[in-house]
Trainee: 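Before I ask anything, here is the structure I am working with.
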Amino acid sequence: MHADLIGLGGIVLLAGLLARLGRRYGFPTVPCYMLVGILLGPGTPGPVLIEHPEDIAILASLGLVLLLFHLGVEFPAEQVLGSGKRLFIAAGVYIGLNVSAGLALGFALGWGTSEALVIAGALGISSSAIATKLLIELRRLTNAETPIILGIIVIEDMFLAFYLALLSPVLNDSGSTADFVVDLLVSFGFLVLLFALARWGARAISMVLNSREDELLAILMVGLVVLVAGIALEVGVSEAIGALMIGLVVSRTSLKERVEQLVLPLRDVFAAIFFVSFGLTIDVGDLGGVALPVAIAVCVTLLTNMTAGIVTARLFGFNQRAATNIGLTVLGRGEFSLILATLAITAGLDDRIGPFVALYVLVLAIAAPLLASQSRHFARFVPDRLLRSRWRYVQSETMSTSCMHQDQMEITETDIDVCQQCVADGGTWVQLRLCMKCGLVACCDDSPARHARAHYEDEHHPVIQSLQPGADWQYCYVDEILVREPLGRSRTTS
């Protein structure tokens with residue numbers, strides 16, 4: 001028992017330290033957790049902190065359940081349903097291209113039909129956590145294409161529920177066609193039941209969970225989630241979908257915001273254990289055997305994502321830069337791919353599934369942030385004829401948060417039309433920005449030297465204004481938002 005606690009504590013601590021290091025360089029946390037499990041697990045030569053991954057299986061299951069439950073609680077159903085036809089078409093194109101390509105690759109590998117369906121899901125569903133983190137870190141929250149990206153990943157989450165319901169009877173190895181149909185009907189029947197509970201039973205669930213004390217609310221919440229997940233398993237449905245659906249139910253109660261706050265730290269801790277546990281099941285000796293399929297899968301995913309990005313840009317009238325931003329921001333794969341691989345391992349499918357998904361996720365986790373940050377370079381290779389002749393890359397800002405630094409907007413005009421520091425250094429720039437505190441004209445973040453941001457970091461002057469012809473937007477570095485005028489007229493950005 002003591003050795004088990006030491007091993008668990010040590011591996012979780014190391015996972016956290018590696019994730020903290022990775023965050024400094026812009027890498028997501030999920031592959032860091034998984035990598036620690038691989039390196040310190042029984043499948044890798046060297047020190048082993050946890051000899052038997054099954055010893056922490058119940059904790060890993062709790063991480064999976066809380067991860068999907070939190071997704072359900074946060075799911076903006078009304079926003080998705082009111083998003084309009086074009087968004088659903090764009091999301092359908094993205095999911096259809098990636099899932100179809102994954103399914104074709106799965107059959108081409110010849111590992112089996114069940115394995116092909118798992119590979120299709122692993123390749124078809126992007127990581128919402130990685131995508132949203134990239135949008136924040138790359139400061140693209142105010143870009144015109146960002147609402148479309150967020151809408152696509154939300155619809156992907158909705159698709160995940162139905163895909164898990166479809167996959168459950170396949171992984172349960174239903175014998176005859178009749179048995180398969182029965183299992184499929186049970187899976188979707190369970191979905192319908194929970195949808196009905198979300199629609200008409202939210203008040204009853206609220207009465208069960210309601211407590212003024214956060215401690216009791218947390219206990220009741222975890223008990224309910226685990227109970228529903230267990231019932232889902234009992235009826236032949238994945239515990240992941242049970243947790244997701246009960247999250248949808250809770251999202252319709254008055255307790256939603258409190259539950260979100262309480263479940264977040266629990267989700268993060270136990271989800272980390274889930275990803276570490278997945279890494280523990282991987283034998284590094286198996287990674288070489290799947291290196292070629294993974295390389296093909298990565299190339300296929302890059303191709304389908306860029307195609308979907310171009311189609312989406314054409315639908316919404318965006319330009320090449322937006323097309324590449326869309327395709328590369330949702331390139332990362334993470335938690336959902338690992339969930340599907342875990343279900344496949346539990347169901348006893350081909351042993352190559354685990355190493356394949358692990359290496360695929362690791363490669364894209366490294367590639368996605370790097371490629372997304374350089375999307376402006378890839379935009380040059382998108383032919384004009386693939387998009388409309390008249391592009392619309394600017395869009396009204398819709399953020400409601402107000403800037404608290406408008407009192408420092410003292411200078412609004414200048415006659416200077418060069419980056420003064422770039423001229424002195426012999427450099428070049430892309431666009432110019434005006435410091436509204438002191439009047440310095442400097443180059444933008446897309447320029448090599450990024451003098452405007454350097455000026456903010458040195459002098460802490462918060463607000464800049466674009467000097468591009470026709471662009472009247474202003475941006476606050478401190479609040480990280482576009483600045484509204486006092487009368488509330490929205491600014492635009494490009």
Trainee: Has Ser206 got a side-chain atom pairing as donor or acceptor with Ala202's backbone, closer than 3.5 angstrom?
Mentor: no
Trainee: Mind checking whether Leu117 and Leu167 have side chains closer than 4.5 Å, heavy atoms only?
Mentor: yes
Trainee: Minimum heavy-atom separation for Ser277 and Ile56, please, with both atom names.
Mentor: CB-CD1, 4.0 Å
Trainee: Please identify which of these residues, Leu338, Val294, Ile366, meets the side chain to side chain contact (heavy atoms under 4.5 Å, CB included) condition with Val361.
Mentor: Leu338
Trainee: Is Ile38 close to Thr44 at the side-chain level, that is, under 4.5 Å between some pair of heavy atoms?
Mentor: yes
Trainee: Between Thr29 and Ala19 (side chain of the first, backbone of the second, donor and acceptor by atom type, cut-off under 3.5 Å), is there such a pair?
Mentor: no
Trainee: Can you tell if the side chain of Ile339 reaches within under 4.5 Å of the side chain of Leu67, non-hydrogen atoms only?
Mentor: yes
Trainee: To the nearest 0.5 Å, tell me how far Glu239 CD sits from Leu62 CG.
Mentor: 11.0 Å
Trainee: What is the distance from atom CG of Leu160 to atom CD1 of Ile155, rounded to the nearest 0.5 Å?
Mentor: 14.0 Å
Trainee: Rounded to the nearest 0.5 Å, what's the gap from CD1 on Ile11 to CD1 on Ile273? Could you check?
Mentor: 10.5 Å
Trainee: Quick check: closest heavy atoms across Ile50 and Leu8, and the distance to 0.1 Å?
Mentor: CD1-CA, 4.1 Å
Trainee: Distance check, rounded to the nearest 0.5 Å: Leu123 atom CG versus Leu105 atom CG?
Mentor: 6.5 Å
Trainee: Side-chain contact, heavy-atom cut-off 4.5 Å: Thr342 with Phe274?
Mentor: yes
Trainee: Does the pair Met306 and Leu331 meet the rule for a side-chain contact (heavy atoms from CB on, under 4.5 Å), with working shown?
Mentor: CA-CA 9 Å; Met306 288 302 300; Leu331 180 63; over 6 Å; no
Trainee: Identify which one of Thr301, Val30, Val363, Ile125 satisfies the side chain to side chain contact (heavy atoms under 4.5 Å, CB included) criterion when paired with Arg333.
Mentor: Thr301
Trainee: Could you go step by step and tell me if Val93 and Thr312 meet the side-chain contact (heavy atoms from CB on, under 4.5 Å) rule?
Mentor: CA-CA 8 Å; Val93 168; Thr312 302; 5.8 Å; no
Trainee: What is the distance from atom CD1 of Ile205 to atom CD1 of Ile246, rounded to the nearest 0.5 Å?
Mentor: 5.0 Å
Trainee: Short question: side chain of Thr329, backbone of Ile326 - any donor-acceptor pair under 3.5 Å?
Mentor: no
Trainee: Using modelled atom types only, decide if a donor and an acceptor are shared between the side chain of Thr324 and the backbone of Arg321 within a distance under 3.5 Å.
Mentor: yes
Trainee: Search all heavy atoms of Ile149 against all heavy atoms of Asn325 and return the closest pair with its distance.
Mentor: CD1-O, 4.0 Å
Trainee: Leu227 versus Ile231: any side-chain heavy-atom pair under 4.5 Å?
Mentor: yes
Trainee: Do Leu49 and Leu14 have side chains that approach each other closer than 4.5 Å (heavy atoms only, starting at C-beta)?
Mentor: yes
Trainee: Give me each pair satisfying salt bridge (Lys or Arg N to Asp or Glu O under 4.0 Å) with a member in residues 341-357, each pair once, sequence neighbours excluded.
Mentor: Asp350-Arg352
Trainee: If you look only at pairs with a residue in residues 12-22, which of them pass as a side-chain hydrogen bond (donor to acceptor under 3.5 Å, both in side chains), with sequence neighbours excluded?
Mentor: none
Trainee: Closest heavy-atom contact between Leu217 and Leu209?
Mentor: CD1-O, 3.3 Å
Trainee: What are the two closest non-hydrogen atoms of Phe278 and Ala358, and how far apart are they?
Mentor: CE2-CB, 3.7 Å
Trainee: Pairing donors with acceptors under 3.5 angstrom, does anything connect the side chains of Ser126 and Glu156?
Mentor: yes
Trainee: Do the side chains of Lys256 and Val259 get nearer than 4.5 Å, heavy atoms only?
Mentor: no
Trainee: Under the ring-ring contact (aromatic ring centres under 6.0 Å, His included) rule, what pairs show up with a residue in residues 337-357, not counting sequence neighbours?
Mentor: Trp111-Phe356
Trainee: Find the distance between OG (Ser375) and CG (Leu328) and round it off to the nearest 0.5 Å.
Mentor: 6.0 Å
Trainee: Taking the side chain as every heavy atom from C-beta outward, state whether Phe107 and Ile119 have any pair of such atoms under 4.5 Å apart.
Mentor: no
Trainee: Is the number of heavy atoms from other residues, nucleotides or ligands under 6.0 Å of Glu457 CD greater than 12?
Mentor: yes
Trainee: Look at the side chain of Asn98 and the backbone N and O of Gly124, then say whether any donor-acceptor pair between them is shorter than 3.5 Å.
Mentor: no
Trainee: side-chain contact (heavy atoms from CB on, under 4.5 Å), that's the test. Do Val250 and Thr253 meet it? Break it down for me.
Mentor: CA-CA 5 Å; Val250 173; Thr253 70; 4.1 Å; yes
Trainee: Does any donor atom in the side chain of Thr304 or Tyr94 lie under 3.5 Å from an acceptor atom in the other side chain?
Mentor: no
Trainee: Evaluate the criterion side-chain contact (heavy atoms from CB on, under 4.5 Å) for residue pair Leu66 and Val269; output intermediate values, then yes/no.
Mentor: CA-CA 10 Å; Leu66 290 175; Val269 171; over 6 Å; no
Trainee: Locate the shortest heavy-atom distance separating Leu315 from Arg86; write the atom from each residue and the value.
Mentor: O-NH1, 3.1 Å
